[in-house]
Amino acid sequence: MAGYRNEDPYAQQPYGPHQGQHPQQPYPQPQPHPGGPHGGQPYGTYGPHGDDPYGADPYGDGDAGQPSPPPPPRLTWRELLTGIVMRPSTTFWQMRDYSMWGPALVVTFLYGLVAVFGLDSARESVLDTTTSALVPALLVTGVAMVLGALLLGTVTHNLARQFGGNGLWAPTTGLAMLIMTLTDVPRLAVALFLGGADPVVQVLGWATWLFAGLLLTMMVSRSHEIAWPRALAASSLQLLAILALVKLGTL
(Lines give C-alpha, C1' and ligand atoms only; values in the text may rest on other atoms or scores of the structure.)
Protein backbone atom coordinates (compact mmCIF):
# COMPACT_ATOMS: atom_id res chain seq x y z
CA MET A 1 0.00 0.00 0.00
CA ALA A 2 1.34 3.37 -0.95
CA GLY A 3 1.75 5.79 1.94
CA TYR A 4 0.38 9.28 2.10
CA ARG A 5 2.71 11.72 0.47
CA ASN A 6 2.70 15.03 2.32
CA GLU A 7 4.20 17.27 -0.27
CA ASP A 8 3.34 20.54 -1.97
CA PRO A 9 1.29 19.84 -5.09
CA TYR A 10 2.77 22.86 -6.71
CA ALA A 11 6.34 21.92 -6.04
CA GLN A 12 6.65 19.76 -9.13
CA GLN A 13 5.07 22.32 -11.48
CA PRO A 14 7.49 24.63 -13.29
CA TYR A 15 5.91 27.99 -12.60
CA GLY A 16 9.09 29.91 -12.13
CA PRO A 17 12.79 29.56 -12.23
CA HIS A 18 12.85 28.08 -8.72
CA GLN A 19 10.98 25.05 -7.61
CA GLY A 20 8.43 25.53 -4.82
CA GLN A 21 7.80 29.15 -5.70
CA HIS A 22 4.16 30.43 -5.55
CA PRO A 23 2.43 30.42 -8.91
CA GLN A 24 2.18 33.58 -10.92
CA GLN A 25 -1.04 35.55 -10.63
CA PRO A 26 -3.32 34.83 -13.59
CA TYR A 27 -4.39 38.51 -13.98
CA PRO A 28 -1.96 41.38 -14.30
CA GLN A 29 -2.17 44.39 -12.00
CA PRO A 30 -3.97 47.43 -13.51
CA GLN A 31 -1.56 50.01 -14.82
CA PRO A 32 -2.13 53.76 -14.42
CA HIS A 33 -3.29 55.74 -17.39
CA PRO A 34 -0.22 57.20 -19.08
CA GLY A 35 -1.84 60.56 -19.74
CA GLY A 36 -3.44 61.09 -16.33
CA PRO A 37 -2.02 63.84 -14.17
CA HIS A 38 -2.77 61.86 -11.00
CA GLY A 39 -1.10 58.61 -11.92
CA GLY A 40 -3.55 55.90 -10.93
CA GLN A 41 -6.66 57.91 -11.81
CA PRO A 42 -7.34 57.24 -15.48
CA TYR A 43 -10.02 59.93 -15.67
CA GLY A 44 -7.90 62.73 -14.35
CA THR A 45 -7.59 64.37 -17.74
CA TYR A 46 -11.31 65.22 -17.84
CA GLY A 47 -12.15 68.75 -16.77
CA PRO A 48 -10.00 71.39 -15.11
CA HIS A 49 -10.14 69.79 -11.65
CA GLY A 50 -8.50 66.45 -12.26
CA ASP A 51 -10.60 63.66 -10.81
CA ASP A 52 -13.82 65.73 -11.11
CA PRO A 53 -14.89 65.11 -14.71
CA TYR A 54 -17.22 68.13 -14.73
CA GLY A 55 -15.14 70.64 -12.86
CA ALA A 56 -16.63 73.14 -10.46
CA ASP A 57 -19.50 74.04 -12.80
CA PRO A 58 -21.69 71.03 -13.70
CA TYR A 59 -23.18 72.92 -16.64
CA GLY A 60 -19.89 73.73 -18.32
CA ASP A 61 -20.50 77.47 -18.14
CA GLY A 62 -19.41 79.66 -15.29
CA ASP A 63 -22.49 81.90 -15.58
CA ALA A 64 -25.11 79.28 -16.40
CA GLY A 65 -25.66 78.30 -12.78
CA GLN A 66 -26.03 81.90 -11.58
CA PRO A 67 -29.61 83.14 -11.05
CA SER A 68 -30.69 85.98 -13.33
CA PRO A 69 -31.39 89.33 -11.64
CA PRO A 70 -35.06 89.91 -10.82
CA PRO A 71 -36.97 92.46 -12.91
CA PRO A 72 -37.42 95.91 -11.39
CA PRO A 73 -40.60 96.29 -9.34
CA ARG A 74 -43.64 98.07 -10.73
CA LEU A 75 -43.91 101.69 -9.68
CA THR A 76 -46.93 102.92 -7.79
CA TRP A 77 -49.14 105.48 -9.48
CA ARG A 78 -47.63 108.30 -7.40
CA GLU A 79 -44.09 107.24 -8.26
CA LEU A 80 -45.09 106.87 -11.90
CA LEU A 81 -46.63 110.32 -12.24
CA THR A 82 -43.79 112.11 -10.48
CA GLY A 83 -41.13 109.97 -12.12
CA ILE A 84 -42.25 110.87 -15.66
CA VAL A 85 -41.44 114.52 -14.94
CA MET A 86 -38.64 114.26 -12.35
CA ARG A 87 -36.88 110.99 -13.28
CA PRO A 88 -37.96 110.21 -16.85
CA SER A 89 -35.06 108.00 -17.93
CA THR A 90 -35.25 105.69 -14.90
CA THR A 91 -39.03 105.61 -14.97
CA PHE A 92 -39.21 104.67 -18.66
CA TRP A 93 -36.69 101.86 -18.17
CA GLN A 94 -38.48 100.51 -15.13
CA MET A 95 -41.99 100.60 -16.63
CA ARG A 96 -41.17 99.44 -20.16
CA ASP A 97 -42.64 95.98 -19.44
CA TYR A 98 -45.62 96.96 -17.28
CA SER A 99 -49.02 98.22 -18.35
CA MET A 100 -50.43 101.30 -16.61
CA TRP A 101 -53.99 101.56 -17.87
CA GLY A 102 -55.42 102.76 -14.57
CA PRO A 103 -53.32 105.93 -14.19
CA ALA A 104 -53.29 106.60 -17.95
CA LEU A 105 -57.06 106.43 -18.39
CA VAL A 106 -57.93 108.34 -15.21
CA VAL A 107 -55.41 111.14 -15.77
CA THR A 108 -56.34 111.54 -19.42
CA PHE A 109 -60.05 111.61 -18.63
CA LEU A 110 -59.61 114.25 -15.92
CA TYR A 111 -57.42 116.27 -18.24
CA GLY A 112 -60.14 116.14 -20.89
CA LEU A 113 -62.69 117.49 -18.42
CA VAL A 114 -60.56 120.56 -17.66
CA ALA A 115 -58.89 121.06 -21.06
CA VAL A 116 -62.01 122.53 -22.57
CA PHE A 117 -61.72 125.54 -20.23
CA GLY A 118 -58.24 126.29 -21.56
CA LEU A 119 -59.61 127.12 -25.01
CA ASP A 120 -61.37 130.46 -25.26
CA SER A 121 -64.00 129.57 -27.86
CA ALA A 122 -64.80 126.21 -26.29
CA ARG A 123 -64.97 127.73 -22.81
CA GLU A 124 -67.47 130.39 -23.87
CA SER A 125 -69.75 127.86 -25.50
CA VAL A 126 -69.58 125.56 -22.49
CA LEU A 127 -70.27 128.33 -19.98
CA ASP A 128 -73.28 129.52 -21.98
CA THR A 129 -74.98 126.15 -21.66
CA THR A 130 -77.15 125.12 -18.74
CA THR A 131 -75.94 122.95 -15.91
CA SER A 132 -77.95 119.98 -17.11
CA ALA A 133 -76.25 120.17 -20.50
CA LEU A 134 -72.81 121.01 -19.10
CA VAL A 135 -72.17 117.69 -17.37
CA PRO A 136 -72.85 115.51 -20.43
CA ALA A 137 -70.72 117.82 -22.57
CA LEU A 138 -67.78 117.54 -20.16
CA LEU A 139 -68.14 113.75 -20.00
CA VAL A 140 -68.15 113.52 -23.77
CA THR A 141 -65.05 115.73 -23.90
CA GLY A 142 -63.26 113.53 -21.38
CA VAL A 143 -64.09 110.34 -23.27
CA ALA A 144 -63.05 111.93 -26.57
CA MET A 145 -59.71 112.95 -25.06
CA VAL A 146 -59.13 109.39 -23.82
CA LEU A 147 -59.90 107.89 -27.23
CA GLY A 148 -57.76 110.45 -29.04
CA ALA A 149 -54.78 109.95 -26.74
CA LEU A 150 -55.17 106.17 -27.02
CA LEU A 151 -55.19 106.40 -30.80
CA LEU A 152 -52.14 108.67 -30.91
CA GLY A 153 -50.22 106.41 -28.52
CA THR A 154 -51.03 103.40 -30.69
CA VAL A 155 -49.77 105.20 -33.78
CA THR A 156 -46.53 106.07 -31.98
CA HIS A 157 -46.08 102.44 -30.96
CA ASN A 158 -46.71 101.10 -34.46
CA LEU A 159 -44.27 103.57 -35.99
CA ALA A 160 -41.64 102.58 -33.45
CA ARG A 161 -42.09 98.93 -34.37
CA GLN A 162 -41.73 99.83 -38.04
CA PHE A 163 -38.43 101.52 -37.24
CA GLY A 164 -37.05 98.37 -35.60
CA GLY A 165 -38.35 98.75 -32.06
CA ASN A 166 -39.17 95.81 -29.81
CA GLY A 167 -41.38 97.44 -27.17
CA LEU A 168 -44.83 96.38 -26.03
CA TRP A 169 -48.05 98.14 -27.02
CA ALA A 170 -49.59 98.63 -23.57
CA PRO A 171 -46.57 100.26 -21.83
CA THR A 172 -45.76 102.47 -24.83
CA THR A 173 -49.33 103.68 -25.27
CA GLY A 174 -49.90 104.24 -21.57
CA LEU A 175 -46.71 106.25 -21.17
CA ALA A 176 -47.50 108.28 -24.30
CA MET A 177 -50.93 109.17 -22.90
CA LEU A 178 -49.43 110.28 -19.59
CA ILE A 179 -46.72 112.33 -21.28
CA MET A 180 -49.28 114.04 -23.48
CA THR A 181 -51.46 115.11 -20.54
CA LEU A 182 -48.94 115.76 -17.75
CA THR A 183 -46.73 118.06 -19.81
CA ASP A 184 -49.69 120.32 -20.64
CA VAL A 185 -50.75 120.85 -17.03
CA PRO A 186 -48.68 124.08 -16.52
CA ARG A 187 -50.10 125.70 -19.66
CA LEU A 188 -53.63 124.62 -18.81
CA ALA A 189 -53.37 125.94 -15.25
CA VAL A 190 -52.33 129.40 -16.46
CA ALA A 191 -54.86 129.37 -19.30
CA LEU A 192 -57.73 128.89 -16.84
CA PHE A 193 -57.03 132.38 -15.45
CA LEU A 194 -55.47 134.30 -18.35
CA GLY A 195 -57.21 132.66 -21.30
CA GLY A 196 -55.76 130.56 -24.06
CA ALA A 197 -54.88 133.55 -26.29
CA ASP A 198 -52.68 135.28 -23.74
CA PRO A 199 -49.00 135.61 -24.88
CA VAL A 200 -47.76 134.05 -21.66
CA VAL A 201 -49.95 131.02 -22.26
CA GLN A 202 -48.74 130.78 -25.85
CA VAL A 203 -45.08 130.88 -24.85
CA LEU A 204 -45.71 128.35 -22.10
CA GLY A 205 -47.52 126.17 -24.60
CA TRP A 206 -44.53 126.08 -26.93
CA ALA A 207 -42.18 125.32 -24.05
CA THR A 208 -44.30 122.46 -22.73
CA TRP A 209 -44.71 121.12 -26.27
CA LEU A 210 -40.93 120.92 -26.68
CA PHE A 211 -40.72 119.21 -23.30
CA ALA A 212 -43.34 116.70 -24.42
CA GLY A 213 -41.32 116.01 -27.54
CA LEU A 214 -38.23 115.37 -25.43
CA LEU A 215 -40.07 112.98 -23.12
CA LEU A 216 -41.77 111.13 -25.97
CA THR A 217 -38.48 110.66 -27.79
CA MET A 218 -36.79 109.42 -24.63
CA MET A 219 -39.67 107.09 -23.81
CA VAL A 220 -39.79 105.50 -27.27
CA SER A 221 -36.02 105.13 -27.31
CA ARG A 222 -36.03 103.38 -23.91
CA SER A 223 -39.14 101.28 -24.42
CA HIS A 224 -38.27 100.08 -27.94
CA GLU A 225 -34.45 100.19 -27.68
CA ILE A 226 -33.92 102.28 -30.79
CA ALA A 227 -31.75 105.32 -31.48
CA TRP A 228 -33.17 108.75 -30.70
CA PRO A 229 -33.56 109.87 -34.37
CA ARG A 230 -35.86 106.91 -35.01
CA ALA A 231 -37.64 107.51 -31.72
CA LEU A 232 -38.22 111.14 -32.68
CA ALA A 233 -39.57 110.10 -36.07
CA ALA A 234 -41.94 107.63 -34.42
CA SER A 235 -43.22 110.37 -32.10
CA SER A 236 -43.59 113.02 -34.81
CA LEU A 237 -47.24 112.37 -35.69
CA GLN A 238 -48.34 112.48 -32.07
CA LEU A 239 -46.37 115.68 -31.50
CA LEU A 240 -47.98 117.35 -34.51
CA ALA A 241 -51.42 116.29 -33.32
CA ILE A 242 -50.76 117.68 -29.83
CA LEU A 243 -49.58 120.95 -31.33
CA ALA A 244 -52.57 121.36 -33.60
CA LEU A 245 -55.34 120.14 -31.29
CA VAL A 246 -54.21 121.20 -27.82
CA LYS A 247 -51.37 123.68 -27.79
CA LEU A 248 -52.56 125.88 -30.66
CA GLY A 249 -56.25 125.19 -30.40
CA THR A 250 -57.03 128.89 -30.00
CA LEU A 251 -55.29 130.02 -33.19
Side-chain angles (χ1 to χ4, degrees), residues 56-112 114 142 145-189 207-239 241-242 246:
D57 187 1
Y59 300 99
D61 188 357
D63 296 332
Q66 299 295 331
S68 58
R74 179 196 294 267
L75 297 176
T76 63
W77 67 270
R78 293 185 180 89
E79 295 173 339
L80 174 63
L81 298 182
T82 58
I84 289 177
V85 180
M86 305 300 297
R87 302 174 302 276
S89 181
T90 304
T91 301
F92 296 152
W93 269 119
Q94 193 163 351
M95 295 298 292
R96 67 188 301 267
D97 294 326
Y98 297 105
S99 61
M100 58 212 76
W101 291 121
L105 296 177
V106 172
V107 171
T108 306
F109 179 76
L110 295 178
Y111 171 82
V114 185
M145 183 62 66
V146 170
L147 295 178
L150 181 63
L151 177 61
L152 292 176
T154 303
V155 171
T156 299
H157 166 74
N158 290 333
L159 288 177
R161 293 300 293 262
Q162 293 296 323
F163 290 141
N166 58 2
L168 301 177
W169 170 72
T172 303
T173 305
L175 288 172
M177 295 172 66
L178 290 174
I179 292 172
M180 174 180 173
T181 54
L182 292 178
T183 54
D184 195 50
V185 170
R187 183 203 65 84
L188 183 58
T208 54
W209 179 75
L210 293 176
F211 184 54
L214 175 64
L215 292 183
L216 277 175
T217 303
M218 184 183 300
M219 183 272 294
V220 174
S221 178
R222 298 292 189 273
S223 299
H224 287 265
E225 297 182 351
I226 57 178
W228 71 266
R230 295 185 178 184
L232 178 59
S235 307
S236 59
L237 289 181
Q238 184 170 4
L239 288 173
I242 294 174
V246 179

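Residue Met218 comes nearest to Pro88 through the heavy atom pair SD-CB, 3.9 Å, listed as atom of the first residue, atom of the second, then distance. Here the closest heavy-atom approach between residue Phe163 and residue Ile226 is recorded as O-CG2, 4.2 Å. Ala160 approaches Ala234 most closely through the heavy-atom pair N-CB, 3.7 Å. Nearest approach of Leu159 to Leu237, heavy atoms of both residues: CD1-CD1, 3.7 Å. Contact between Gly213 and Leu239 at its shortest, heavy atoms only, is CA-CD2, 3.4 Å. Annotation for Gly153 and Ala176: closest pair CA-CB, 4.0 Å, computed over non-hydrogen atoms.
Taking the side-chain contact (heavy atoms from CB on, under 4.5 Å) definition, one finds that Ser236 meets it with nothing, sequence neighbours left out. The ring pair (Phe, Tyr, Trp, His ring centres under 6.0 Å) test applied to Trp101 returns Trp169, not counting sequence neighbours. With sequence neighbours excluded, the residues satisfying side-chain contact (heavy atoms from CB on, under 4.5 Å) with Glu79 are Leu75, Thr76.
Checked by atom type and distance alone, the side chain of Ser221 never pairs as donor or acceptor with a backbone atom of Thr217 at under 3.5 Å. Side chain of Arg161 to main chain of Gly167: a donor-acceptor pair is present (N/O by atom type, distance under 3.5 Å, no hydrogens or angles). Between the side chain of Arg74 and the backbone N or O of Ser99, at least one donor-acceptor pair lies under 3.5 Å.
Annotation: side chain of Tyr98 is not in contact with side chain of Leu168 (no heavy-atom distance under 4.5 Å). For the pair Gln94 and Pro73, the minimum side-chain heavy-atom distance is below 4.5 Å. When side chains are defined from C-beta on, Leu80 counts as touching Thr91, because their heavy atoms get closer than 4.5 Å. No side-chain heavy atom of His157 sits under 4.5 Å from any side-chain heavy atom of Val220. The shortest side-chain heavy-atom distance between Leu150 and Met177 falls under the 4.5 Å cut-off. Annotation: side chain of Asn166 is in contact with side chain of Arg96 (closest heavy-atom distance under 4.5 Å).
For Arg222, the CZ atom counts as densely surrounded, since its 6.0 Å shell holds more than 12 non-hydrogen atoms of other residues, nucleotides or ligands. Annotation for Trp93: atom CH2 counts as buried by contact number, over 12 foreign heavy atoms lying within 6.0 Å.
Thr90 OG1 to Ile84 CD1: the interatomic distance, rounded to the nearest 0.5 Å, is 12.5 Å. Rounding to the nearest 0.5 Å places NE2 of His224 at 8.5 Å from OG1 of Thr156. Taking CD1 of Ile179 as the reference point, atom CE of Met219 lies at 4.5 Å (rounded to 0.5 Å). Atoms CG and CZ, on Leu216 and Phe211 in that order, are 10.5 Å from each other to the nearest 0.5 Å. Interatomic distance, CD of Gln238 versus CG of Leu151, reported as 9.5 Å (0.5 Å rounding). For the atom pair CG of Leu178 and OH of Tyr111, the computed distance is 13.0 Å after rounding to the nearest 0.5 Å.
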